[in-house]
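Given the structure is predicted, the values throughout are model-derived calculations rather than measurements.
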Amino acid sequence: EQIRRTIRRTPEVIVKVTGGGTNPGAVAAHFAYISRRGKLEIETDEAERIAGTDAQRTFLATWHLELSAGQYRGPRDQRTNARETKLVHKIVLSMPAPTPPEKVLAAARAFAREKFGVRHRYAMAVHRDQANPHVHLVVKAEDELGRRLHVDKPMLREWRADFARMMREQGIAANATPRVIRGRNKGKAH
């Protein structure tokens, strides 16, 4: 019980995959969402800052989503139709208020560089307009050699621990405690 009380006092990081676009239009719509329709800058994997919807479209064209080999695969496992292939993974990195948004963004930059580096293209935007500062990260699911990024539960656990470490490196107390230790069961927090 003492451990649970101590853990509850330290803010928990949130790292979750919120979906993925299966066509270039859906990816463009997500860029529009994370930039609040061009009002916020999007930061790229090459440390560029993209402002405005026209610049976003130009930047997104450099990802060549139409060339992602995975979307051209045929049916598998006795299916009659091929399942739609994710072109991107949409990831949210979040901390509770009153964490400074600049610290969340700095940790998100370090996280993206470490996890995706030069292998997978990515772009991000920080949202400061809600109680919990958070960063939306869009990661191209296929690298330039056609290798796909597959996100599973063990990888998400690792990502949570790594993001918590990166928040601590920013001077912010953060935990990535498994639900069972926090006294939470599946689903929404109590």
Side-chain angles (χ1 to χ4, degrees), residues 1-21 27 30-31 33-36 39-51 86 88-141 143 148-190:
E1 186 59 34
Q2 178 64 31
I3 293 171
R4 284 190 179 139
R5 274 185 288 194
T6 302
I7 289 170
R8 279 189 219 134
R9 285 192 295 252
T10 304
E12 291 290 326
V13 298
I14 295 175
V15 176
K16 61 184 175 181
V17 176
T18 60
V27 177
H30 195 64
F31 270 55
Y33 172 77
I34 71 171
S35 71
R36 300 289 199 231
K39 293 180 180 134
L40 300 176
E41 284 185 335
I42 291 178
E43 188 173 319
T44 75
D45 54 323
E46 297 174 340
E48 294 178 85
R49 298 200 189 300
I50 308 293
K86 280 186 181 181
V88 299
H89 293 283
K90 299 182 284 188
I91 302 166
V92 176
L93 306 167
S94 180
M95 283 292 290
T99 308
E102 298 76 28
K103 299 285 188 175
V104 177
L105 180 58
R109 278 185 194 122
F111 176 87
R113 269 192 313 272
E114 182 179 297
K115 297 300 169 189
F116 312 116
V118 296
R119 192 159 173 204
H120 289 273
R121 302 291 312 269
Y122 61 85
M124 68 181 84
V126 62
H127 286 188
R128 298 173 161 96
D129 58 343
Q130 296 171 345
N132 295 343
H134 58 281
V135 171
H136 289 270
L137 180 61
V138 181
V139 180
K140 189 174 177 189
D143 70 11
R148 298 196 52 81
L149 172 64
H150 295 283
V151 181
D152 57 15
K153 286 182 180 185
M155 182 180 285
L156 277 173
R157 281 191 292 274
E158 176 187 316
W159 285 359
R160 287 185 75 231
D162 290 338
F163 186 59
R165 174 180 46 84
M166 291 168 190
M167 288 302 306
R168 289 190 300 272
E169 289 169 0
Q170 294 298 315
I172 304 295
N175 272 339
T177 314
R179 276 180 205 260
V180 67
I181 293 173
R182 291 191 319 260
R184 308 251 171 119
N185 55 8
K186 288 187 173 187
K188 298 275 184 191
H190 294 121

S.K.: Is there side-chain contact between H30 and V88, with at least one heavy-atom pair below 4.5 Å?
M.R.: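 No, too far: nothing below the 4.5 Å cut-off.
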
S.K.: For D45 and K140, run salt bridge (charged side-chain N to carboxylate O under 4.0 Å, His left out): C-alpha distance rounded to whole Å, both residues' side-chain angles, the deciding distance at 0.1 Å, then the answer.
M.R.: CA-CA 11 Å; D45 54 323; K140 189 174 177 189; over 6 Å; no

S.K.: Less than 4.5 Å apart, any side-chain heavy atom of K115 and any of H120?
M.R.: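 Side chain of K115 against side chain of H120, heavy atoms only: no contact under 4.5 Å found.
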
S.K.: Can you name the closest pair of heavy atoms from A107 and F163 and give their distance?
M.R.: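 Residues A107 and F163, closest heavy atoms: CB-CE1, 3.6 Å.
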
S.K.: Which heavy atom of Y122 sits nearest a heavy atom of G117, and at what distance?
M.R.: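 Taking every non-hydrogen atom into account, CE2-O, 3.9 Å.
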
S.K.: Measuring from M166:CE to L93:CG, what's the distance to the nearest 0.5 Å?
M.R.: 9.5 Å

S.K.: Determine, stepwise, if the pair V13 / M95 fulfils side-chain contact (heavy atoms from CB on, under 4.5 Å).
M.R.: CA-CA 5 Å; V13 298; M95 283 292 290; 3.4 Å; yes

S.K.: With the side chain counted from C-beta on, respond yes when I172 and P100 share a heavy-atom pair under 4.5 Å apart, and no when they do not.
M.R.: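 Yes. Closest side-chain heavy atoms under 4.5 Å.
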
S.K.: Would you check, one step at a time, whether the test side-chain contact (heavy atoms from CB on, under 4.5 Å) holds for M124 with R109?
M.R.: CA-CA 8 Å; M124 68 181 84; R109 278 185 194 122; 4.3 Å; yes

S.K.: Please give me the minimum heavy-atom distance between P11 and P96, naming the atom from each residue.
M.R.: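 The answer is CB-CG, 3.6 Å.
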
S.K.: Give the minimum heavy-atom separation between A164 and A174, together with the two atoms involved.
M.R.: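 Distance-wise, the nearest heavy atoms are O-CB, 3.9 Å.
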
S.K.: Provide the closest heavy-atom pair for V126 versus P101 in the form atom of the first, atom of the second, distance.
M.R.: CG2-O, 4.1 Å

S.K.: Quick check for you: to the nearest 0.5 Å, what is the distance between T18 atom OG1 and H136 atom NE2?
M.R.: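 Rounded to the nearest 0.5 Å, the OG1-NE2 separation comes to 7.0 Å.
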
S.K.: Which heavy-atom pair separates K90 from G21 by the least distance, and what is that distance?
M.R.: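 Looks like CE-N, 4.2 Å.
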
S.K.: For a side-chain contact (heavy atoms from CB on, under 4.5 Å) check, start with the C-alpha distance between H127 and R36, then their side-chain angles and the critical distance, and finish with the verdict.
M.R.: CA-CA 9 Å; H127 286 188; R36 300 289 199 231; 3.1 Å; yes

S.K.: Could you go step by step and tell me if Q170 and E102 meet the side-chain contact (heavy atoms from CB on, under 4.5 Å) rule?
M.R.: CA-CA 10 Å; Q170 294 298 315; E102 298 76 28; over 6 Å; no

S.K.: At what distance, to the nearest 0.5 angstrom, does OG1 of T44 lie from CD1 of I50?
M.R.: 5.5 Å

S.K.: How many angstroms lie between atom CG of L137 and atom CD of E43, to the nearest 0.5 angstrom?
M.R.: 10.5 Å

S.K.: Do side-chain atoms of R148 reach the backbone of K86 as a donor and acceptor pair under 3.5 angstrom?
M.R.: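 Checking the backbone N and O of K86 against the side chain of R148, a donor-acceptor pair under 3.5 Å is found.
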
S.K.: I want to check something: taking the side chain as every heavy atom from C-beta on, are L156 and V17 in contact at a cut-off of under 4.5 Å?
M.R.: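 Touching, per the 4.5 Å side-chain cut-off.
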
S.K.: So, taking the atom named CG in L40 and the one named CZ in R128, what distance separates them when rounded to the nearest 0.5 Å?
M.R.: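 Separation between the atoms: 8.5 Å.
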
S.K.: Rounded to the nearest 0.5 Å, what separates atom OG1 in T10 from atom CG in N175?
M.R.: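 Atom-to-atom, T10:OG1 and N175:CG are 4.5 Å apart.
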
S.K.: Are F111 and M167 close enough that some pair of their side-chain heavy atoms sits under 4.5 Å apart?
M.R.: no

